[in-house]
Structures are given as structure tokens and as C-alpha cells.
Amino acid sequence: MSVSVAVAVESPSSTWPHPEGDLPPPAPLSMVPQSLSSAPDRGRTSIGWRAATLLILTAAMTVLGILGLAEVLAIDTLGPLDFLVLAVFAPLFAWTAFSFASALSGLWATWRDRDRLDLEGPAARLVSRTAILMPVYNEAPDDLVARIQAMWRSLEHHGETDAFDFFVLSDSTDRPKRDAERESLEIVRRRLPEKARIYYRHRAHNIDRKAGNIADWVRRFGGAYAFMVILDADSLMEGETLARLAGAMERNPRLGLLQTVPVVINRHSLFARVEQFASRLYGPILARGLGWWSGDQGNYWGHNAIIRVAAFAEAAGLPHLPGRKPFGGHILSHDFVEAALIRRAGWEVRLAPEIGGSFEESPPTLADTIVRDRRWCQGNLQHLKVLGACGLAPVSRLHLGRGILSYLVAPLWLILMVASVLLALKPEWGVGDAQIADLQLLGPAHSHPLILGVFALSMIFLLAPKLIAFFAMMASPGQRKWFGGGRMALASMALEILFSAMAAPVLLLNQVWTLVAILFGRDSGWGAQRREEDQFTLDEAADRHFGDTAVGAALAISALAVSMQVFLWMLPVILGMALSIPIAALSARRDLGEAARRAGLLLTPEEIDPSPVVRAYNAARGQSLSWAPHAQGAPAQQPALALVSALEA
């Protein structure tokens with residue numbers, strides 16, 4: 001017999017009494033926590049000319065911006081407040097300048113560069129075994145099994161089912177959810193051929209969350225597999241993509257990790273559709289740039305990636321950070337650190353933006369995005385204790401540093417706004433409207449020419465990556481068609497920019513709240529992510545965003561107390577916060593998202609012409625989860641499920 005649950009299990013009654021789940025024979029693999037203070041000497045890794053070029057360009061643009069701002073501030077003697085403005089302005093300007101340079105490199109890589117991985121389909125059948133790991137935590141099981149069914153059928157279509165096993169790795173703490181997971185997995189086994197190998201394992205103790213879940217599988221079963229594909233509960237991949245990834249790993253023996261660029265699909269609420277459109281239009285160019293300058297020192301996003309099991313076991317065991325939570329303990333944002341450790345051990349870590357067939361979903365509301373962002377914020381700030389780890393590659397440190405800075409941008413913007421208003425009120429300058437307009441950093445119409453130049457350059461850096469992606473899409477007639485045509489794509493981009501401008505102050509403010517909470521020792525926790533759409537009420541929006549509204553009102557009053565010019569200049573920020581409740585409630589509505597789709601707005605290629613695996617997944621979601629053999633006299637599941645619950649109790 002092959003190692004197949006569907007074969008090995010005679011009936012549900014013989015399956016479900018196992019308190020942990022259905023498992024293949026053990027294949028242990030050693031995996032020990034790595035040291036951050038010491039590392040084997042594997043030779044120095046250079047930063048590479050591509051990343052170095054981007055850093056030099058960023059530094060040059062930042063110096064010019066600082067000099068321009070300093071010249072204006074030097075109209076009067078530079079004081080502590082002026083130096084504070086310069087100190088805060090520098091990293092913010094550098095952040096946007098680097099993003100601009102990275103987008104330009106993405107455009108170059110798309111049009112001119114030939115430096116691509118060998119990702120063609122395998123010339124012969126795959127010879128290695130790959131495990132597809134799907135960690136779940138209190139998720140609805142119907143979508144999960146629909147994804148498994150769609151991916152297995154896609155692999156079957158490409159003739160590669162023998163090379164792949166599926167593992168559902170449950171950390172669910174809710175007993176009804178666990179029971180539903182087991183029942184649903186048994187149903188999908190009955191739908192698929194007998195040779196389908198789909199395993200289920202539930203951990204009684206959720207040690208180290210998702211990273212611990214994966215590490216537990218490696219230590220128990222990793223020895224039987226050459227590669228593992230890590231998916232999230234909302235991930236989906238084409239069978240051809242899975243085969244191409246495994247083939248690339250077979251042909252590149254030094255390749256330790258290969259990250260795909262997942263595309264957001266199946267979103268319906270207005271908020272989620274805006275996110276879906278933005279990721280699809282802007283994502284490819286940005287990913288090309290990231291892959292171009294990262295080279296073999298790439299990054300990992302925790303899902304939709306293939307990893308060499310031996311490399312992961314050898315190098316990616318995560319240590320616990322010293323100190324208490326939220327900065328100490330197990331590492332929440334494990335993916336960046338795992339990529340850095342795998343690269344430190346000499347394995348290549350690469351991004352594959354050119355490969356398609358990789359999909360995910362996104363949070364349906366602004367509030368759900370904020371909840372997810374809190375966990376990411378805490379995890380990225382933990383990287384402060386990893387950034388100086390011994391032996392990391394230079395670009396790996398750059399990835400970690402950018403992740404940290406992404407959550408320091410919000411408080412830096414807040415400090416810059418407050419300092420700028422205070423700067424406008426310097427006693428020696430007076431507080432007249434004309435003088436404020438001439439001298440303050442936020443000054444509108446009659447501002448110093450250099451200030452206008454610096455501001456214009458900052459706006460260019462912010463918007464240029466989007467414009468670059470848009471014009472790259474417009475250059476391809478085929479791409480224009482898949483976004484609804486040039487005019488509708490332009491209208492969609494304008495809508496996305498407007499919505500992002502309104503939502504950005506709310507996101508930044510909540511990042512500040514999160515940062516303050518973390519500094520005071522509050523742990524972000526670990527909750528299941530809400531994926532259902534159109535369940536966000538106005539009352540819930542008011543409860544979630546009352547504080548944002550109050551801050552917006554306070555900013556409006558404060559700005560008016562300074563001058564009308566300051567109020568008008570800060571109006572986009574004020575409006576975003578003051579209107580956060582209706583923005584959150586309206587953008588969460590599914591009917592508004594569907595109306596935009598019918599109007600031809602926010603369309604994406606996957607929506608107009610879905611991938612085969614997406615079609616199969618959506619069809620499988622519509623199937624009843626009733627057990628077909630049950631109607632033909634098959635034994636009912638309920639007694640077995642009750643026995644499982646009793647064993648676990």
C-alpha cells in the first residue's frame with residue numbers, strides 16, 4: 001500500500017478515534033534553535049552592486065532633500081526644533097526615495113533584464129517528494145477543503161499528484177472548529193481518488209504559533225520530503241505552479257527558498273476590492289524591483305513559497321528572544337528571520353515574480369487590516385533584536401531594517417506634523433497668516449520655492465511607483481484589456497489613490513496606538529482572522545474607530561487655532577480621521593464593491609478570466625459538505641466525532 005490516508009483508513013470509525021489526527025509514518029529530522037550571537041564562518045557575503053546602487057541613489061536624493069529643507073529653516077538661526085524636523089524628515093524622505101528607486105529597478109527588470117531563474121516546467125516527471133503544508137487556526141473548514149480539492153485536481157491535470165502530499169496542520173483551540181476540520185477533511189478524501197494523500201494533524205499545545213507548527217512538522221515528518229510548500233489558510237496555487245517550483249528546486253541544488261508573489265482574488269467588499277486592484281496593478285513592478293536588487297539574498301513572506309526541508313531544518317530553527325513579551329519570547333514575524341538564517345547558512349533565497357498561479361485573499365475591512373497590522377507591528381519591532389545577529393547577509397539586514405522602519409514611519413509623520421506647526425509659531429517669526437504661509441514647513445501657496453520643491457519631490461516619490469506600474473500596464477494592449485480598458489483602469493487607479501489617501505491617516509494613527517501599546521508591554525495576541533465579508537455594521541465601525549474620529553476632531557480644532565492655512569493644508573489628514581467611521585462602514589459593504597465591479601471599476605485580470613484552479617476552488621466552495629456515502633448507508637460521523645471530543649477532553 002502507498003502511504004495514503006484514504007487507503008490506510010478503512011472507515012470513519014477507524015479514523016477519528018485517533019486524538020491527534022491522521023498521520024503518515026514518522027520521519028524525524030533534527031531542527032535546533034539557531035544562535036544569533038555566533039554563526040559558522042562561511043565567508044563574507046557582499047551586498048551586491050544592485051542593492052548598493054539603490055542605496056547610493058537613495059542617499060544622494062535624501063542629502064539633496066535635507067539640504068533644501070535646511071536652507072529654508074536657516075532663514076532664522078537653526079534651533080533644536082529645526083534640527084528635530086531635519087532628523088525626522090531624513091528617514092521619511094529616504095523611505096519614499098528608496099521605494100521610488102526600487103520601482104524604477106522593477107521597470108528596468110521588466111523591460112530589459114534577462115536575469116531570471118530556471119522556472120520552466122520539469123523536462124521529466126518530478127523525482128522528489130513535496131509536502132504542501134496548510135497551517136490553520138480556528139478557520140472555517142469549508143473553504144479550506146475546497147482549496148485542497150482544487151489544488152489536488154490541478155495537480156492531477158498536470159500529472160504530478162504522486163509527488164505531492166497535503167498536510168493540514170491545525171492549531172485550532174475551538175473544539176467545534178476542530179471537529180469540523182476533521183469531518184470536512186474526511187469528506188474531501190471521499191470526493192478525491194483513493195491515491196490522494198491528505199493528512200491532518202492537530203497540536204494540543206500551540207507552542208510558538210505558526211512557526212512552531214511548521215517546526216513541529218519538520219521534526220516529526222520532514223525526513224521524508226525534499227521540499228515543503230508553505231500556505232496560509234487563504235492560499236491557493238495552480239498545480240502547474242507547484243510543479244514548476246519543485247522543478248526549480250530540483251535543478252538548483254543551492255536554492256533554499258523560493259518565494260512567489262501571490263495575487264489577491266475573490267474579494268467583494270469595496271475595501272477589499274480596492275486592495276485587490278492595488279496589489280494586482282502595482283504588485284508585479286514592485287516585486288520585480290525587489291527581486292532584481294535582492295538577488296540571492298531575497299526575503300520570505302511566510303506563505304506561498306517553497307522551501308528545501310533540509311535547509312530549513314539546518315538553519316531556520318528560531319531561538320526565543322531574551323526578555324519578556326512583547327519584545328522577547330518567540331518571534332512573531334518569523335518569515336523574515338527564517339529567510340535571513342537560511343541565507344546565512346549559505347543557501348540562496350530568491351523571489352520569483354515571473355511565475356504566476358499563486359493566490360491569496362485579504363482582510364475584508366479596514367478594521368480587520370488594522371488587527372492584522374498590530375501583530376505584524378509587534379513582530380517587526382522584535383527584529384530590532386535580530387538586526388545585529390552574527391553572520392547575516394547585508395541584504396538580509398536591509399530587509400529586516402525596512403520592516404522595522406515601516407512601523408516607525410507613522411510616529412515619525414506625527415512628530416513631523418506637530419513639529420512643523422510649532423515651527424510656524426516661533427516667536428521671532430510672529431504668527432500672522434502671511435508670515436506663516438511664507439516660512440512654515442506646511443505652508444501652501446506662498447511657500448519658499450525650495451520647500452515647494454522638496455514637497456513636490458516627496459509627492460513624486462510617493463506616487464511614482466503607482467504611476468510607473470500604470471504606464472507599464474498601459475504599454476501592453478493585453479494588460480489594458482484585463483483591467484477593463486485604459487480609461488476604466490485610470491479611473492480605478494484614481495479611486496484607489498483617493499481611498500488610500502483617506503484611509504492612510506487612520507492606518508498611521510492606529511500604528512502609533514499599537515506602537516505605544518507595545519512600548520507599554522501589551523502583547524498583540526493571536527486571534528483568528530475574520531474572512532467573511534459584509535458582516536461589518538455601523539455600530540461596529542463606531543466602536544472600532546471612535547478614537548480615530550476624536551483625534552481627527554482635535555486636530556481640526558488645533559489647526560484652526562493656528563491659522564486657516566494650516567487647517568487647509570492638514571485637511572486630508574483631518575478628513576481621513578474625522579470620517580473614519582463612515583469610511584470604514586461604507587467600504588466594508590459588499591454591495592458597494594459589487595456595484596463598482598458592474599461599473600467596470602477595480603477590475604483585475606483574475607476577475608475577468610479566472611485561473612483554472614480559481615474556477616475549481618469557487619465551484620468547490622458551492623458544493624455541499626454533506627457526506628455523499630452517508631446517503632448510501634455509510635456510517636454517520638457524529639459518533640466518531642463525539643469519541644474524538646471525549647478523548648481530547
Side-chain angles (χ1 to χ4, degrees), residues 88 92 269-275 278 363-374 377 407-425 431 433 436-437 440-445 455 458-459 462-463 494-517 534 536-589 591-593 596:
V88 172
L92 290 174
S269 73
L270 181 60
F271 174 85
R273 286 185 58 77
V274 169
E275 295 292 300
T365 70
L366 178 61
D368 293 310
T369 299
I370 290 170
V371 169
R372 183 184 66 177
D373 209 46
R374 288 172 187 161
C377 178
Y407 287 97
L408 298 180
V409 164
L412 290 175
W413 271 115
L414 181 62
I415 293 170
L416 184 62
M417 284 193 299
V418 172
S420 300
V421 173
L422 294 176
L423 199 61
L425 300 176
V431 293
D433 284 352
I436 290 174
Q440 57 132 334
L441 179 62
L442 301 174
F455 173 75
S458 299
M459 291 300 100
L462 282 172
L463 295 177
L495 177 60
E496 184 277 327
I497 291 174
L498 175 62
F499 182 82
S500 297
M502 295 294 286
V506 180
L507 291 169
L508 290 174
L509 181 60
N510 278 272
Q511 286 182 356
V512 173
W513 295 141
T514 299
L515 186 62
V516 171
D534 209 15
F536 194 71
T537 65
L538 182 61
D539 288 342
E540 190 174 2
D543 181 61
R544 294 282 189 94
H545 297 286
F546 176 79
D548 305 328
T549 304
V551 172
L555 277 177
I557 295 171
S558 301
L560 282 171
V562 176
S563 75
M564 180 57 69
Q565 281 88 344
V566 173
F567 173 78
L568 293 175
W569 191 250
M570 296 182 66
L571 192 58
V573 175
I574 291 171
L575 281 178
M577 294 179 184
L579 300 178
S580 58
I581 293 175
I583 289 173
L586 291 173
S587 66
R589 289 177 52 172
D591 59 340
L592 293 181

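Residues: numbered from 1 along the sequence shown.
- Atom CG of L507 is separated from atom CD1 of I370 by 5.5 Å, given to the nearest 0.5 angstrom.
- When every heavy atom of A578 is checked against every heavy atom of T549, the shortest pair comes out as O-CG2, 3.4 Å.
- Listed by first and then second residue, the side chain to side chain donor-acceptor pair (under 3.5 Å) pairs involving residues 496-508 are Y282-E496, K466-E496, E496-S500 (not counting sequence neighbours).
- The two residues D548 and H545 have their closest heavy-atom pair at OD2-ND1, 2.9 Å.
- To the nearest 0.5 Å, atom CG of residue L586 and atom CD1 of residue I581 are 11.5 Å apart.
- For the atom pair L366 CG and E275 CD, the distance stands at 9.0 Å (nearest 0.5 Å).
- Side chains of L270 and R589 form no contact here, defined as non-hydrogen atoms less than 4.5 Å apart.
- A559 and I574 get closest at one heavy-atom pair: CB-CD1, 4.3 Å.
- Evaluation of the ring pair (Phe, Tyr, Trp, His ring centres under 6.0 Å) rule for F499 yields F271 as partners, not counting sequence neighbours.
- With sequence neighbours excluded, the residues that form a side-chain contact (heavy atoms from CB on, under 4.5 Å) with V88 are L84, L92, L412, I415, L416.
- Counting heavy atoms from C-beta outward, Y407 and V512 have side chains that stay 4.5 Å or more apart.
- Summarising the geometry, atom CZ belonging to F567 is positioned 10.0 Å from atom CD1 belonging to I557; distances are rounded to the nearest 0.5 Å.
- Expressed to the nearest 0.5 Å, how far CG of L555 lies from CG of L571 amounts to 11.5 Å.
- Counting heavy atoms from C-beta outward, V371 and R544 have side chains that approach closer than 4.5 Å.
- Nearest approach of A272 to P363, heavy atoms of both residues: CB-O, 3.9 Å.
- Checking side-chain atoms of R273 against main-chain N and O of G593 turns up a donor-acceptor pair under 3.5 Å.
- T369 places a side-chain N or O within donor-acceptor distance of the main-chain N or O of T365, the cut-off being under 3.5 Å.
- Residues P505 and L509 have side chains not in contact (no heavy-atom distance under 4.5 Å, counting atoms from C-beta outward).
- For N510 and D373, the side-chain atoms include no donor-acceptor pair closer than 3.5 Å.
- Of all heavy-atom pairs between S587 and I583, the closest is OG-O, 2.7 Å.
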